[in-house]
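Treat the numbers as computed from the prediction; the structure is a model and nothing was measured. Note on naming: letters A, B, ... go to the chains in the order of the sequence lines (proteins, then strands), and numbering restarts at 1 for each one.
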There are 2 protein chains.
Amino acid sequence: MKNKPIILVTNDDGIIAPGIRALVNVMNSLGEVYVVAPNKPQSGIGHAITMDTILYCDSVQIDNGSQKEWECSGTPVDCVKLAISNILPRKPDICVSGINHGSNSSINIMYSGTISAVIEAGIEGIPSVGFSLLDFDWNADFEPAKKYVCKIVKKILYNPIPKGGISLNVNIPKKKIKGMKICRQAESKWKESFDKRYNPKGRTYYWLIGDFINFDKKSDTDEWALKNGYVSIVPIKFDLTDYPILNILRSWNFILLFIFLDILL
Amino acid sequence: MKNKPIILVTNDDGIIAPGIRALVNVMNSLGEVYVVAPNKPQSGIGHAITMDTILYCDSVQIDNGSQKEWECSGTPVDCVKLAISNILPRKPDICVSGINHGSNSSINIMYSGTISAVIEAGIEGIPSVGFSLLDFDWNADFEPAKKYVCKIVKKILYNPIPKGGISLNVNIPKKKIKGMKICRQAESKWKESFDKRYNPKGRTYYWLIGDFINFDKKSDTDEWALKNGYVSIVPIKFDLTDYPILNILRSWNFILLFIFLDILL
């Protein structure tokens, strides 16, 4: 790469979160940094976009680094779209998101604004990486994570990108990191329950709570890596087609069977 | 299936939308119907969940069918979680979402609340189908779509489900339907632009606009099927691991290369 790379930084914890400040700090050493991030926390916002209302996006300076910054009233995915379309001087060389306060491993990527920003950049053909630290604390220590963030971003910037692009979901243990593992997403889910309460007027309301369940005990998953002290690196994509089921449906002769169903049911 | 199937119905256009009323009408002929749907439009909400505030979920009756109904202050994914956890007498036999006012083909599934509800049900191990009509009009004619909705749901209810479950994204042409096709998600994206305006106080704001681009001209995609008058049926999944890239990263010796990067950069 001849010129200084252009790096887009976003997150879902909001532009003032210590996690994104740590990420900006590392990125300033690697390129020309543009931060376009939500003006408020957006955890659990997934791949939401703002269609039916307006977006504000204002230039700000949160700390004293060399980055240029904008805070946006929308979601992380809005931030990526607006950055590429209206703010950056050209398509960025990489988009990084995070460092999230808390894990985005396995099934959690479905709900994560941090990772949805990474996927959106992937859709745009931009190499992208989401970083999450396994510590929900606002005052979490991001220092041990910085070394791995720097290494992974350098790797993407200075090596040939596979045809079809690359998007990575990187989770980082809180401390005592043993190394890194390339992983697949573990089969897992949240077992939900809702805490049912009554408001002062007697109307029922609910708080979402739940327990995380990992069904997947194999050693090639992100959950395994993290449990065993490794940084997990999962390549992710945005083609949700279930190809094995596609083949099953075709072999079932799904369409022709409708003729029999019409007779039988 | 010995007992009457239990059918969970939701959507992202809101519980009073004509599309969900058409879906409820068909489902009442097939089983015991529970509607748990947002109390307001939620298009573009993706896989968002409500974590930092409360949810209301109140029993309502929108029209005169045999269904039981609840309107929820949260997102479509919240509706699925709350329905399974607190409302339904048991795990449903199927979850259907829609009928969406407008297409959810190809890349649009990333942004769609309708399809996120389908994916959430899939995570819970529940067979699920999202239906969308290629007509954004609030007063769209859902009658021609009903026949296909009924056939597809019957097929899922009365045939063995593949191991690992089944979730389908079904899009239905507006009229002159030729038949059905099993498809993969087309490679596509939105080319965004933002309409930049100024509020009465002079502050800049933006409206998201954009043009849909289909890069994928092959005949096995949902875009092809729809363009040629067929109902498109795409099996979808929630494992976002990019397996081809996983293999490339492993063959690159991604981890070992860091040692050289440490020296070179």
Side-chain angles (χ1 to χ4, degrees), chain A residues 41 43-52 54-57 78 81-82 84-86 107 109-111 116 119 123-124 151 154-155 158 162 166 179-180 182 184-185 189 192-194 196 203 205-208 234-242 245-246 248-250 254-255 257-258 261 265, chain B residues 41 43-52 54-57 78 81-82 84-86 107 109-111 116 119 123-124 151 154-155 158 162 166 179-180 182 184-185 189 192-194 196 203 205-208 234-242 245-246 248-250 254-255 257-258 261 265:
Chain A
S43 293
I45 197 70
H47 214 95
I49 51 172
T50 303
M51 293 164 64
D52 293 329
I54 61 161
L55 289 175
Y56 287 109
C57 190
D78 290 330
K81 287 180 182 290
L82 196 53
I84 296 166
S85 168
N86 285 54
I107 199 65
I109 60 171
M110 298 306 300
Y111 310 102
S116 292
I119 291 172
I123 293 169
E124 292 289 340
K151 283 187 172 195
K154 273 184 179 172
K155 174 84 178 103
Y158 296 101
I166 191 164
M180 294 183 276
I182 310 289
R184 63 176 174 83
Q185 175 185 327
K189 60 169 269 193
E192 265 80 33
S193 57
F194 285 84
K196 187 176 174 180
R203 186 176 172 197
Y205 68 90
Y206 301 89
W207 281 105
L208 174 61
V234 177
I236 54 176
K237 62 174 188 171
F238 45 86
D239 178 359
L240 303 192
T241 310
D242 191 337
I245 298 288
L246 188 74
I248 288 171
L249 288 181
R250 282 178 171 155
F254 190 92
I255 305 295
L257 267 169
F258 280 121
L261 273 171
L265 297 170
Chain B
S43 292
I45 196 71
H47 214 97
I49 51 172
T50 303
M51 292 163 64
D52 293 328
I54 61 161
L55 289 175
Y56 287 108
C57 192
D78 289 330
K81 287 181 181 289
L82 195 54
I84 296 166
S85 167
N86 284 55
I107 199 65
I109 60 171
M110 298 306 300
Y111 311 101
S116 292
I119 291 172
I123 294 170
E124 291 290 339
K151 283 186 173 194
K154 272 183 179 173
K155 174 85 180 101
Y158 296 101
I166 190 164
M180 294 182 277
I182 311 289
R184 63 176 174 84
Q185 176 185 326
K189 60 168 270 195
E192 264 81 32
S193 56
F194 285 83
K196 187 176 174 180
R203 186 176 173 196
Y205 68 89
Y206 301 88
W207 282 106
L208 174 62
V234 177
I236 53 175
K237 62 172 187 172
F238 46 86
D239 177 0
L240 304 192
T241 310
D242 191 337
I245 298 288
L246 187 76
I248 289 171
L249 288 181
R250 281 177 173 156
F254 190 94
I255 305 297
L257 268 169
F258 281 122
L261 274 170
L265 298 169

Among residues at least two apart in sequence or on other chains, which ones pass salt bridge (Lys or Arg N to Asp or Glu O under 4.0 Å) with K237(A)?
none
Relative to chain B, which of G46(A), G44(A), S193(A) shows the most heavy atom pairs under 4.5 Å?
G44(A)
Can you name the nearest heavy-atom pair linking E192(A) to S85(B), along with the distance?
O-OG, 3.7 Å
Once rounded to the nearest 0.5 Å, what's the spacing between atom OG1 of T50(B) and atom CD1 of I45(A)?
8.5 Å
Check each atom of I109(B) against the heavy atoms of chain A and say whether the ones under 4.5 Å are side chain, backbone, both or neither.
side chain
Any side-chain heavy atom of Y205(A) within less than 4.5 Å of one from L55(B)?
no
Going from CD1 on I182(A) to CZ on R250(B), what distance comes out if it is rounded to the nearest 0.5 angstrom?
7.5 Å
Side chain, backbone, both or neither of I119(A) within contact of chain B (heavy atoms, under 4.5 Å):
side chain
Chain B contacts, top residue of I54(A), L246(A), I123(A), I84(A) (heavy-atom pairs, under 4.5 Å):
I54(A)
What part of I107(A) gets within 4.5 angstrom of chain B, counting heavy atoms only: side chain, backbone, both, or neither?
side chain
Considering residues at least two apart in sequence or located in another chain, which fulfil the side chain to side chain contact (heavy atoms under 4.5 Å, CB included) criterion with N86(B)?
F194(A), Y206(A), L82(B)
Hey, could you give me the CG/CG distance between L240(B) and L240(A), rounded to the nearest 0.5 Å?
6.0 Å
Between Q185(A) (side chain) and F238(B) (backbone), is there a donor-acceptor pair under 3.5 Å?
yes
Interface residue of largest heavy-atom contact number with chain B, from E124(A), M51(A), R203(A), under 4.5 Å
R203(A)
CG on D52(B) to CG on L208(A), rounded to 0.5 Å
10.0 Å
Once you round to the nearest 0.5 Å, how far does CD1 of I49(B) lie from CE of M110(A)?
11.0 Å
